[in-house]
Colleague: 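Quick one: structure below, then a few questions.
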Protein chains: 2
Amino acid sequence: MTPQPKNSAIKGIPEPTLRRLPNYCQVLHRLAREGVARVSCTQIGNELNLDPTQVRKDLALAGAVGRPKVGYETEALFQQMEDFLGWNNARDAVLVGVGSLGTALLGYRPFNRYGVNIVAAFDTNPMKQGSEVHGIPVFPLLKLPNLLERMKVHIGILTVPAEQAQPVCDLMIMTGIRALWNFAPTALTVPDGIIVQNENLFNSLGVLSSKLTALLRGEDKKDRARQARRQETTS
Amino acid sequence: MTPQPKNSAIKGIPEPTLRRLPNYCQVLHRLAREGVARVSCTQIGNELNLDPTQVRKDLALAGAVGRPKVGYETEALFQQMEDFLGWNNARDAVLVGVGSLGTALLGYRPFNRYGVNIVAAFDTNPMKQGSEVHGIPVFPLLKLPNLLERMKVHIGILTVPAEQAQPVCDLMIMTGIRALWNFAPTALTVPDGIIVQNENLFNSLGVLSSKLTALLRGEDKKDRARQARRQETTS
DNA sequence: TAGATTGTTAATCGATTAACAATC
DNA sequence: TAGATTGTTAATCGATTAACAATC
């Protein structure tokens with residue numbers, strides 16, 4: 001019927017856009033709280049150092065409609081972005097791997113306001129089982145299927161060592177997890193239709209380190225050149 | 001003199017490439033340990049699900065040279081990648097903000113093998129000062145300039161609440177920090193020549209949540225359609 | 001009305017992928 | 001030698017930025 005399938009939804013939205021949506025949410029939330037009733041893309045762009053055209057395109061992709069000359073209704077736009085992200089009511093999640101990073105994430109309260117509500121944690125270490133970490137119960141990993149059977153949990157957070165990531169991931173998918181937030185430094189193999197978001201600190205460190213190394217090397221070289229020149233003039 | 005300034009180094013290397021280098025390192029390290037003397041881009045690509053041409057281009061950008069038909073010397077290539085990243089001897093770093101995330105990072109041993117050696121942590125909370133977290137001493141934030149004056153530390157890790165990120169960042173830069181790894185959910189304003197690597201979990205959650213929300217909504221719609229059809233046929 | 005702002009189409013830019021000659 | 005693999009140039013693809021008409 002419709003010539004352009006404009007409803008193909010998420011598949012068409014570029015990932016860079018999806019990554020920026022939280023920033024818009026944050027700015028809109030603040031502006032709404034400050035009582036700013038209407039907002040333009042130029043304003044938002046200034047706050048976030050983004051091209052206003054890009055802001056407009058991003059908002060449009062997430063379904064926002066503004067009025068020429070007027071802009072967008074701040075509060076309504078915020079609601080719409082939150083709704084698009086699914087952040088208006090947080091989804092339940094489980095976390096596997098109660099090491100130092102896992103523990104830190106369990107204690108991170110703001111997740112509740114960003115769509116993720118961790119209801120249970122799992123670990124293979126008997127020392128950790130049965131306890132509570134930041135108020136969240138820790139169970140033996142073997143209990144995972146049992147619990148997921150009873151609760152409709154769609155998000156799994158992986159904070160296990162690299163070697164255990166794939167088997168734990170398989171187990172999670174088998175028991176109904178649809179989206180994985182993977183903090184283990186390994187690529188996961190998953191069937192079609194499963195969402196994987198990798199959060200690999202080492203990749204970021206690659207950018208940081210190589211830039212810093214290049215910067216410092218460049219300075220060293222300049223220093224040496226300067227010294228060489230000085231040597232020349234004094235000799 | 002030189003028509004193409006081929007030495008402009010880091011500026012020309014795309015960030016996606018820099019992000020992939022750690023993955024190459026990891027694979028090369030493993031292969032070298034397994035005694036594989038030579039390796040081809042096709043092999044590396046298979047391990048990481050990357051196009052072999054892309055692997056070749058990335059390696060070339062980091063300065064690697066291979067031999068046609070033969071490939072690259074595994075060990076030498078690994079060394080070269082490590083060297084390019086500056087990971088062969090870790091640089092000292094300080095961390096500010098000993099909350100749950102900061103504590104987790106302080107306890108994360110592998111950083112030492114990935115170019116980052118955290119030598120001290122800082123916090124404004126007197127409860128935390130004077131103690132040691134995972135063997136790393138925690139000082140009052142006011143002592144930061146003093147310590148950085150004596151030690152040449154180039155990397156600063158920011159794990160403070162959003163509101164404090166900018167002032168702490170300013171302080172760090174003033175005392176000689178050149179590269180910031182920012183875990184606070186705010187954009188930092190820094191002078192030219194300072195490297196900032198943002199690590200904002202909420203941006204990633206934006207991708208995860210919106211994809212999951214779209215997926216589940218799509219299924220809901222299908223379910224409803226199916227139910228409607230069933231209703232029709234039974235009526 | 002005049003000017004700012006949206007919505008949308010076109011141009012640019014950069015990264016990925018394909019093609020192919022050189023070579024061990 | 002023959003075939004695999006590098007190095008490099010060209011083609012494709014996708015995201016960002018620019019241009020401009022519509023409009024409140």
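All heavy atoms count here, side chains included; hydrogens, waters and symmetry mates do not. Labels below follow one simple rule: chain letters A, B, ... track the order of the sequence lines, proteins then strands, and each chain is numbered from 1.
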Colleague: Flag the pair A:R217 and B:D83 as a salt bridge only when some basic side-chain nitrogen lies within less than 4.0 angstrom of an acidic carboxylate oxygen.
Modeller: yes
Colleague: Rounded to whole angstrom units, what separation is found between the CD atom of B:Q54 and the C1' atom of D:dT9?
Modeller: 17 Å
Colleague: Applying a 3.5 angstrom cut-off to the pairing atoms, does DNA chain D sit in any stems of at least three consecutive Watson-Crick or G-U pairs? List them by first number.
Modeller: C:3-24 with D:3-24
Colleague: Can you check the B:L77 CG to D:dG7 C1' distance for me, whole Å?
Modeller: 15 Å
Colleague: I'd like to know if the side chain of A:S204 pairs up with that of B:W181 as donor and acceptor (distance under 3.5 Å, no hydrogens or angles considered).
Modeller: no
Colleague: Mind checking A:R67 for me? I need base, sugar-phosphate or nothing, with any heavy atom below 4.0 Å counting as a touch.
Modeller: sugar-phosphate
Colleague: Ignoring hydrogens and angles, does a donor from either the side chain of A:K57 or the base of C:dT6 sit under 3.5 Å from an acceptor on the other?
Modeller: no
Colleague: In whole angstroms, how far is the P atom of D:dT5 from the CG atom of B:N46?
Modeller: 11 Å
Colleague: Measure CD/B:E15 against P/D:dA15 and give the value in whole Å, please.
Modeller: 17 Å
Colleague: Is it true that B:E15 and B:R19 have a side-chain N and a carboxylate O under 4.0 angstrom from each other?
Modeller: no
Colleague: Send over the distance from A:D58 CG to C:dT8 P, rounded to a whole Å.
Modeller: 15 Å
Colleague: Check whether any side-chain heavy atom of A:Y108 sits under 4.5 Å from a side-chain heavy atom of B:L101, and report yes or no.
Modeller: no
Colleague: Tell me whether the OP1 or OP2 atom of D:dT16 has a side-chain N or O from A:R20 closer than 4.0 Å.
Modeller: yes
Colleague: How do B:T42 and A:L50 order along DNA chain D: which one's closest nucleotide is nearer the 5' end?
Modeller: B:T42
Colleague: Between B:R19 (CZ) and C:dT16 (P), how many Å, whole number?
Modeller: 12 Å
Colleague: Need one value for B:T53: base, sugar-phosphate or nothing, where a base atom within 4.0 Å counts as base even if backbone is also close, heavy atoms only.
Modeller: base
Colleague: Taking A:D58's backbone N and O only, do any of them form a donor-acceptor pair with A:T17's side chain (distance below 3.5 Å, no angle check)?
Modeller: no
Colleague: Rounded to whole Å, please give me the gap between CZ in A:R56 and P in D:dC20.
Modeller: 15 Å
Colleague: Ignoring the backbone of B:P16, work out which of C:dT17, D:dT6, C:dT16 is nearest its side chain.
Modeller: C:dT16
Colleague: For the side chain of B:K69, counting heavy atoms from C-beta on, which of C:dG3, C:dT6, D:dA4 is nearest?
Modeller: D:dA4
Colleague: Hey, are B:E47 and B:Q43 close enough side-chain-wise for a donor-acceptor pair under 3.5 Å?
Modeller: no
Colleague: Side chain of B:V70 only, please: which of D:dT17, C:dC24, C:dT5 is the nearest?
Modeller: C:dC24
Colleague: State, to 0.1 Å, how close B:T159 and B:G102 come at their nearest heavy-atom pair, and which atoms those are.
Modeller: OG1-CA, 3.6 Å
Colleague: Give a yes/no answer on whether the side chain of B:Y72 brings an N or O atom under 4.0 Å of OP1 or OP2 in D:dG7.
Modeller: yes
Colleague: Could you state the CG-C1' distance from A:N49 to D:dT17, rounded to the nearest angstrom?
Modeller: 16 Å
